[in-house]
Protein chains: 2
Amino acid sequence: MPKPDNRRDEILHEASKLFAAKGISSTTVREIGDAVGMLSGSLYHHFPSKDAMVTEIINGYLDDLQARYARVAALNLAPIERLETLILESFKSVELDPEACEIYQNEYNYLRTIPALSNLGQRAKEIQNAWIDTLEEGAARGIFRPDIDAPVCYRFIGNAIWPTARWPRAGRSTPIDHLVRECTTLFMRGLELNPAPFTVDGATTRAASV
Amino acid sequence: MPKPDNRRDEILHEASKLFAAKGISSTTVREIGDAVGMLSGSLYHHFPSKDAMVTEIINGYLDDLQARYARVAALNLAPIERLETLILESFKSVELDPEACEIYQNEYNYLRTIPALSNLGQRAKEIQNAWIDTLEEGAARGIFRPDIDAPVCYRFIGNAIWPTARWPRAGRSTPIDHLVRECTTLFMRGLELNPAPFTVDGATTRAASV
DNA sequence: GTCTATAACCGGATAGAC
DNA sequence: GTCTATCCGGTTATAGAC
């Protein structure tokens with residue numbers, strides 16, 4: 001919840017910070033009241049329950065993210081550019097509301113139990129498909145390696161991006177363009193300076209056994 | 001906690017599953033008692049508090065992980081092999097005790113507040129350094145790209161690996177060697193089949209603006 | 001080693017005054 | 001729109017019987 005301009009948004013903003021820092025169920029309505037300067041009972045004038053606050057925070061976050069992905073899809077970019085734009089927009093959404101992102105990542109299991117968030121699984125699937133479609137198209141067109149497992153690759157990429165919301169002052173101490181550049185280069189060309197030429201059966205691990 | 005062989009380990013095992021699935025603070029001692037077939041009061045014969053259970057679960061997990069990394073360090077491998085071995089051993093530790101891994105990832109902030117776990121920050125730093133040292137050595141020796149930001153790269157790699165503990169039946173439906181291979185290939189050579197030859201200033205993003 | 005019973009407390013939520 | 005006062009159920013933890 002960026003830039004609260006009224007009492008209600010201020011409550012959501014403070015609640016976000018507490019939920020992200022301590023978890024939803026260990027944050028008490030009394031703490032939320034303290035943070036915003038009112039007594040817990042007064043919160044119930046603005047929201048019917050604690051879970052209603054959570055619901056608004058998460059819906060706002062997902063609305064923004066899905067709107068970004070819809071704009072990316074509308075550009076009809078080639079796979080490389082599309083993937084890099086998804087990375088960029090994902091980092092931007094993390095920067096816009098890191099607390100909401102963190103809550104979504106940390107407490108997905110709990111969020112699924114909130115009746116008002118029953119569409120969560122569907123929304124998660126839509127987000128996932130934006131990535132998987134791009135990866136699969138790139139592999140099919142010979143732009144990405146043909147041996148990639150698109151769903152698994154997406155999860156590695158997603159796992160890399162979303163938890164940056166937890167990083168100490170993410171996107172502030174480390175400027176967001178630096179993160180975007182590191183992430184993009186890492187996933188596009190990898191760590192090795194001069195990898196051996198790609199062959200279909202070449203993807204084996206060189207790990208030693210301990 | 002794999003393979004409980006006594007009542008005490010059984011309690012830890014069931015508690016692990018509940019903490020991982022619902023979070024620590026929303027898991028009640030009554031639920032733990034139910035899961036193990038005793039009343040909540042009886043748990044206190046085995047453990048002085050709920051946090052004491054958490055402490056043992058986390059210490060066991062970190063003991064295993066750090067022992068693995070120590071064995072890797074003792075092999076004195078070259079950067080590529082060392083990094084790939086760290087990846088492999090990390091996946092093995094996730095597979096050995098996914099619940100503990102999940103708790104550690106999900107509730108790091110809360111764990112830090114448990115007095116008996118006051119060394120958590122130090123241990124996290126040691127784990128991190130195993131990776132960063134490898135990345136920096138590889139970059140210095142011209143084996144990895146010279147432009148990598150080692151701490152940031154580590155966090156992307158770690159972020160990719162640890163949350164696999166949360167994946168539906170991680171390491172079961174998807175065999176662990178498949179995950180290791182995908183992860184290793186992804187980070188070593190990236191997604192692109194034929195990336196442009198590396199130049200120092202070439203690491204720019206091709207993302208479109210939405 | 002487990003059970004019963006209970007202490008002492010804290011949680012979300014409500015009702016009505018101002 | 002906020003405060004006071006309170007309800008009630010759930011929470012960890014304890015004490016002592018078996």
Side-chain angles (χ1 to χ4, degrees), chain A residues 1 3-59 99 103 106-107 109-118, chain B residues 1 4-58 103 106-107 109-117:
Chain A
M1 302 285 113
K3 298 193 184 177
D5 64 337
N6 57 44
R7 204 88 174 105
R8 195 186 146 83
D9 285 351
E10 203 184 327
I11 294 169
L12 285 179
H13 183 68
E14 295 300 326
S16 272
K17 291 199 285 189
L18 286 163
F19 293 154
K22 324 187 3 159
I24 296 169
S25 74
S26 18
T27 300
T28 68
V29 292
R30 289 172 175 86
E31 285 172 316
I32 299 171
D34 284 354
V36 77
M38 65 171 63
L39 292 185
S40 63
S42 308
L43 295 172
Y44 289 82
H45 173 75
H46 301 276
F47 299 94
S49 71
K50 190 169 103 166
D51 278 354
M53 300 181 203
V54 176
T55 299
E56 264 192 61
I57 292 165
I58 296 301
N59 276 333
E99 287 86 13
I103 297 164
N106 288 347
E107 319 227 22
N109 286 339
Y110 172 68
L111 297 176
R112 292 220 53 163
T113 69
I114 300 177
L117 286 175
S118 59
Chain B
M1 303 283 112
D5 63 338
N6 58 42
R7 204 85 173 105
R8 196 187 144 83
D9 285 351
E10 202 183 330
I11 293 169
L12 286 179
H13 183 68
E14 294 300 327
S16 271
K17 291 198 285 189
L18 287 162
F19 293 155
K22 327 189 1 162
I24 295 169
S25 74
S26 21
T27 300
T28 69
V29 291
R30 287 195 250 266
E31 285 172 315
I32 299 170
D34 284 354
V36 77
M38 66 172 64
L39 291 186
S40 63
S42 307
L43 295 171
Y44 289 82
H45 173 77
H46 300 276
F47 300 94
S49 71
K50 189 169 105 168
D51 279 354
M53 299 181 203
V54 176
T55 299
E56 265 193 61
I57 291 165
I58 295 301
I103 297 164
N106 288 348
E107 318 229 21
N109 286 338
Y110 172 70
L111 298 176
R112 293 220 52 164
T113 70
I114 299 177
L117 285 176

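Below, chain A is the first sequence line, B the second, and so on; all start at residue 1.
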Notebook entry, point to check: Can you pull the salt bridge (Lys or Arg N to Asp or Glu O under 4.0 Å) pairs that have at least one residue in residues 34-50 of chain B, sequence neighbours excluded?
Noted result: none
Margin query: Would you compute the distance between atom CD1 of A:Ile57 and atom CG of A:Asn59 and round it to the nearest 0.5 angstrom?
Written below: 10.5 Å
Check: Quick one: are A:Asn109 and B:Lys22 in side-chain contact, heavy atoms under 4.5 Å?
Finding: no
Next item on the list: Could you give me the stems involving DNA chain C, meaning stretches of three or more consecutive Watson-Crick or G-U wobble pairs whose two defining distances are both below 3.5 Å?
Entry: C:1-10 with D:9-18, C:12-18 with D:1-7
Checklist line | Interatomic distance where NZ belongs to A:Lys22 and P belongs to C:dC10 [whole Å] | finding: 13 Å
Notebook entry, point to check: For B:His45 and C:dT2, is the shortest distance between a side-chain N/O and OP1 or OP2 below 4.0 Å?
Noted result: no
Notebook entry, point to check: Once you round to the nearest 0.5 Å, how far does CD of B:Glu14 lie from CE of B:Met53?
Noted result: 12.0 Å
Margin query: Can you measure B:Phe47 atom CZ to C:dG1 atom P for me and round it to whole angstrom units?
Written below: 12 Å
Margin query: On the nucleotide D:dT2, are OP1 or OP2 found under 4.0 Å from the side-chain N or O atoms that A:Arg7 carries?
Written below: yes
Next item on the list: Would you check if A:Leu117 and A:Arg112 make a side-chain contact, meaning some heavy-atom pair closer than 4.5 Å?
Entry: no
Next item on the list: Supply the atom-to-atom distance A:Lys17 NZ to A:Ile103 CD1, rounded to the nearest 0.5 angstrom.
Entry: 12.0 Å
Next item on the list: Give the rounded distance in Å between these two atoms: CG of A:Asp34 and P of D:dT2.
Entry: 15 Å
Checklist line | Shortest non-hydrogen separation from B:Glu107 to B:Phe19 and the atoms involved | finding: OE2-O, 4.0 Å
Item checked: d(CG, A:Leu39; P, D:dA5) in whole Å -> 11 Å
Next item on the list: Heavy atoms under 4.0 Å is the rule here; annotate nucleotides 11-18 of chain C 5' to 3' with B where the base is hit, S where only the sugar-phosphate is, and - elsewhere.
Entry: BBBB----
Check: Choosing from D:dT4, D:dT2, C:dT2, which nucleotide comes nearest the side chain of A:His46?
Finding: D:dT2
Notebook entry, point to check: Between atom CD1 of B:Ile24 and atom CG of B:Asp51, what is the distance when rounded to the nearest 0.5 Å?
Noted result: 7.5 Å
